[in-house]
Amino acid sequence: MPESNSFFNDVYEVVRLIPPGRVTSYGAIARYLGSKNARVVGWAMNGANAADVPAHRVVNSVGILTGAQAFDPDNNMEDRLRKEGIEVRANRIVNFKSVFWDPSLEL
DNA sequence: ACCATGACGGTGT
DNA sequence: GACACCGCCATGG
């Protein structure tokens with residue numbers, strides 16, 4: 001597990017703090033951790049799939065479920081979000097602004 | 001140390 | 001709102 005003692009671990013910690021029914025963006029997490037690169041956050045989420053992290057609550061700045069491909073077909077991202085009361089349409093969160101949760105602002 | 005890759009973001013058109 | 005570009009930096013080979 002290369003993630004231990006790493007930047008990835010901090011990412012997981014923040015994602016775990018996202019309230020149910022809310023979502024955040026890769027960039028928001030990156031800024032909160034002091035990093036300027038949102039891609040690294042996405043890279044971290046690639047491994048978060050196996051870890052106990054609500055990765056389905058992390059989307060890009062536009063509200064698109066860019067990481068849906070990384071989820072299992074029966075455990076897909078879109079369904080999990082709908083289950084929490086989030087409106088999803090065509091792989092995109094409809095009321096994105098309403099459910100957006102900024103860690104550096106609300107944490 | 002160099003290079004390619006990537007669940008991204010901001011700006012301009 | 002959609003699309004094309006360019007910059008960003010952690011990891012792995």
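Computed from a prediction, not measured in an experiment: that's the story for all the values here. Letters A, B, ... are given to chains in the order of the sequence lines, protein chains preceding strands, and every chain is numbered from 1. The analysis underlying the following values was restricted to heavy atoms, covering all of them including side chains, and did not include hydrogens, waters or symmetry mates.
Summarising the geometry, the separation between CG on A:Asn49 and P on B:dA7 is reported as 13 Å, rounded to the nearest angstrom. Between the CZ atom of A:Arg80 and the P atom of B:dA7 there is a distance of 19 Å, rounded to whole Å. Rounded to whole Å, the distance from CH2 on A:Trp43 to P on B:dG9 is 17 Å. Rounded to an integer number of Å, the gap from A:Asn75 CG to B:dA7 P is 20 Å. Atom CG in A:Leu33 sits roughly 14 Å away from atom P in B:dG9 (whole-Å rounding). Spacing between atom CD1 of A:Ile93 and atom C1' of B:dA7 amounts to 13 Å, rounded to whole angstrom units. Atom P of nucleotide B:dA7 and atom CD1 of A:Ile18 are separated by 18 Å, given to the nearest angstrom. Rounded to whole Å, the distance from CZ on A:Phe96 to P on C:dG1 is 12 Å.
At distances below 3.5 Å, not a single donor-acceptor pair connects side-chain atoms of A:Arg16 with backbone N or O atoms of A:Pro54. In this structure a side-chain-to-backbone donor-acceptor pair under 3.5 Å is present from A:Arg22 to A:Phe100. The closest donor-acceptor contact from the side chain of A:Ser6 to the backbone of A:Asn9 lies at 3.5 Å or more, if one exists at all. Put simply, the side chain of A:Tyr26 never gets that close to the backbone of A:Asn37: no donor and acceptor are under 3.5 Å apart. A:Thr24 contributes a side-chain N or O that, together with a main-chain N or O of A:Trp101, makes up a donor-acceptor pair within less than 3.5 Å. At least one donor-acceptor pair closer than 3.5 Å links the side chain of A:Asn60 to the backbone N or O of A:Gly63.
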Please produce a list of atom pairs where a protein N or O lies less than 3.5 Å from an N or O of nucleotides 10-13 of chain B.
none

Hey, what are the protein-to-nucleotides 3-7 of chain C N/O distances that come in under 3.5 Å?
{"unit_1": "C:dG7", "atom_1": "O6", "unit_2": "A:Arg39", "atom_2": "NH2", "d": "3.4"}

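With both ends at atom C1', the span from C:dG13 to B:dA7 equals 22 Å, rounded to whole Å.
Remark: A:Ser6 is in phosphate contact with C:dT11, judged by side-chain N or O atoms under 4.0 Å from OP1 or OP2. OP1 and OP2 of C:dC8 both lie 4.0 Å or more from every side-chain N or O belonging to A:Lys36.
A:Val41 is not listed as a side-chain neighbour of A:Val15, based on a closest heavy-atom distance of 4.5 Å or more.
A salt bridge does not link A:Arg80 to A:Glu84: none of the charged side-chain nitrogens sits closer than 4.0 Å to a carboxylate oxygen.
Here B:dG6 is the nucleotide among B:dG6, B:dA7, C:dT11 with the atom lying nearest to any side-chain atom of A:Val40. The A:Phe8 side chain lies nearest to C:dA10 when the options are B:dG9, C:dA10, B:dA7.
By the neighbour-count criterion of 12 heavy atoms within 6.0 Å, atom CD of A:Glu13 is sparsely surrounded, having that number or fewer from other residues, nucleotides or ligands.
When heavy atoms are screened at a 4.0 angstrom cut-off, A:Ala44 is found touching no nucleic acid atom at all. Note on A:Asn46: a base of the nucleic acid sits closer than 4.0 angstrom, heavy atoms only.
Between A:Arg92 and A:Ala38, the residue whose closest nucleotide on DNA chain C is further toward the 5' end is A:Arg92.
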(request) Give the intermediate values and the outcome of side-chain contact (heavy atoms from CB on, under 4.5 Å) for residues A:Leu65 and A:Leu81. (result) CA-CA 10 Å; A:Leu65 314 186; A:Leu81 287 173; 3.5 Å; yes
